[in-house]
Amino acid sequence: MAALRPPRAGLGLLRGLCSGAALGPMDRRETWDRFYARRDGATTHFDWFFSYEAVSGLLLRALETPSPALAPIRVLDVGCGTSDLGLGLYRDCPCPVHVCCVDRSPVAIGALRQLLRAAPPPQHPLSQLRLGIADGTALGATRGGRAGSIFHLVLDKGTCDALLRCPRGPGRAERLLGECLRVLRPGGCLLQFSDEDPDARIPFLEWAGGAGSVTVQEVGGHYYAYALRKPGSEGPAAEAPGVQGPCLEQPGDEGGGTGLAGPRWSC
């Protein structure tokens, strides 16, 4: 595997914080709890690298495949923080989409829940947007046990980057990648947004991903979208038998799935 390059200076807040001096160990939940607690009461979403608008066309094109019998397309945003990525897909996708945003920081999920109270209605009446507390390196606890292969698209914007910049990073980033691929349906796609050059990230994805082809395109001038498709031929929106329906809260709900008490989630 090619050596991972250090981040290029001056391109985004995440790279400035990755030294650890300003933020702390980026693979620890407490670091992110402190970060989002300092933003307590914020009235805007906080996005690493770029906002949803910068990649909205790319994301919506990824969901264009027709759904049989209007079966919902399931999307997981892993390590969501308070990003507007999930909200944008929920709001703009013309076909039914179930978006699940998860983060290991209960403070981040609580802040995102507050921001979503005024969320606009979705373009499609069957679309859903739900929140959950989960560690992307161990997407384990659901009502039916371990999270199964239920998602058509998994989004990672900066989560893998944060892990790779920590002392234990490569191992944890490998586990994150493995979990993202595990919860994908056959033929589903993992889409990573990163500032890391392709000559470093592609070998890592090919090595840690085990199988499947990696494609890349530049977005926003300084960033990259890496797509890794899970081998298989299942249609991107065919319903998997035995998958239980969503149980996390939607914008405006009180209590329920994200009670900020544990890692349980299900989408």
Side-chain angles (χ1 to χ4, degrees), residues 32 36 45-47 52 56 59-60 62-63 67 70-136 138-157 159 179-180 182-185 188-191 236-237 239-240 242-267:
W32 299 108
Y36 288 106
H45 294 267
F46 181 86
D47 278 284
Y52 163 77
S56 59
L59 291 174
L60 292 173
L63 302 179
S67 303
L70 290 181
I73 297 174
R74 295 182 182 271
V75 179
L76 174 66
D77 182 6
V78 62
C80 62
T82 61
S83 170
D84 65 350
L85 214 61
L87 172 61
L89 283 177
Y90 163 78
R91 180 190 63 210
D92 295 346
C93 188
C95 57
V97 60
H98 289 182
V99 182
C100 183
C101 301
V102 300
D103 198 282
R104 71 182 305 192
S105 168
V107 179
I109 291 298
L112 182 58
R113 180 171 57 191
Q114 293 297 322
L115 289 170
L116 294 180
R117 291 193 185 281
Q123 188 172 148
H124 196 285
L126 297 181
S127 290
Q128 297 180 0
L129 174 62
R130 300 182 180 260
L131 313 180
I133 302 168
D135 183 346
L139 296 172
T142 71
R143 291 178 301 171
R146 282 166 60 83
S149 302
I150 64 173
F151 293 101
H152 310 100
L153 178 65
V154 175
L155 303 175
D156 170 357
K157 183 158 71 74
T159 303
E179 284 292 271
C180 289
R182 183 178 64 80
V183 300
L184 276 174
R185 294 185 179 188
C189 182
L190 167 63
L191 192 58
E239 284 295 288
V243 175
Q244 300 187 47
C247 71
L248 298 183
E249 69 178 311
Q250 298 188 69
D253 287 353
E254 296 293 339
T258 54
L260 307 186
R264 293 186 302 276
W265 66 283
S266 178
C267 288

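All values reported here derive from a predicted model rather than from experimental measurement. Heads up: numbering here begins at 1 and tracks the sequence.
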Interatomic distance, CD@Gln128 vs CZ@Arg74, rounded to 0.5 Å, equals 8.0 Å

What one should report as the nearest heavy-atom pair of Gly86 and Asp77 is N-OD2, 4.1 Å

Minimum side-chain heavy-atom gap Arg91-Pro122 below 4.5 Å: no

- Query: Between the side chain of Ser149 and the main-chain N/O of Arg182, is any donor-acceptor distance below 3.5 Å?
  - Reply: yes

So SG of Cys101 and CZ of Arg113: to nearest 0.5 Å the spacing works out to 13.5 Å

- Task: For the residue pair Ile73 and Cys95, establish whether any side-chain heavy-atom pair is separated by less than 4.5 Å.
- Result: yes

| Are the side chains of Tyr52 and Asp92 in touch, meaning some heavy atoms are under 4.5 Å apart? | yes

Shortest non-hydrogen pair, Val78 vs Gly136, comes out as CG2-CA, 3.6 Å

Measuring only between side-chain heavy atoms, which start at C-beta, is Ile150 closer than 4.5 Å to Val183? no

Here the gap from Leu76 atom CG to Cys100 atom SG, rounded to the nearest 0.5 Å, amounts to 5.5 Å

Contacts of Gln114 meeting side-chain hydrogen bond (donor to acceptor under 3.5 Å, both in side chains) (sequence neighbours excluded), chain-then-number -> Arg117

Given the rule in the side chain to side chain contact (heavy atoms under 4.5 Å, CB included) test, do Leu184 and Leu190 qualify, once you have shown the distances and angles that lead to the verdict?
CA-CA 8 Å; Leu184 276 174; Leu190 167 63; 4.1 Å; yes

Can you check side chain to side chain contact (heavy atoms under 4.5 Å, CB included) on Val75 and Leu89, steps first, answer last?
-> CA-CA 9 Å; Val75 179; Leu89 283 177; 4.1 Å; yes

Verdict with supporting geometry, Leu116 and Leu131, side chain to side chain contact (heavy atoms under 4.5 Å, CB included) = CA-CA 10 Å; Leu116 294 180; Leu131 313 180; 3.6 Å; yes

Check: Between Leu59 and Leu155, does a side chain to side chain contact (heavy atoms under 4.5 Å, CB included) hold up when you go through it step by step?
Finding: CA-CA 9 Å; Leu59 291 174; Leu155 303 175; 3.7 Å; yes

Here the salt bridge (Lys or Arg N to Asp or Glu O under 4.0 Å) pairs for residues 118-129, sequence neighbours left out, are none

Exercise. Would you check if Leu112 and Cys80 make a side-chain contact, meaning some heavy-atom pair closer than 4.5 Å?
Key: yes

TODO: Return yes if some donor-acceptor pair links the side-chain N/O of Asp84 with the main-chain N/O of Leu87 below 3.5 Å, else return no.
DONE: no

Close side-chain approach of Phe151 to Cys180, heavy-atom, < 4.5 Å:
no

Problem set entry | pair Leu153-Leu191: side-chain heavy atoms closer than 4.5 Å | yes

Next item on the list: Would you check if the side chain of Glu179 reaches a backbone N or O of Leu139 as a donor-acceptor pair within less than 3.5 Å?
Entry: yes

Note: His124 and Pro94 closest approach over all heavy atoms is CD2-O, 3.3 Å

Nearest heavy-atom contact between Ala108 and Thr82 is O-CG2, 3.7 Å

For Leu85 and Ser83, the nearest pair of non-hydrogen atoms, with its separation, is N-OG, 3.0 Å

Can you find a heavy atom in the side chain of Ile133 that is under 4.5 Å from one in the side chain of Asp103?
-> no

Heavy-atom closest pair (Pro96 atom, Leu126 atom, distance to 0.1 Å) is CB-CB, 3.9 Å

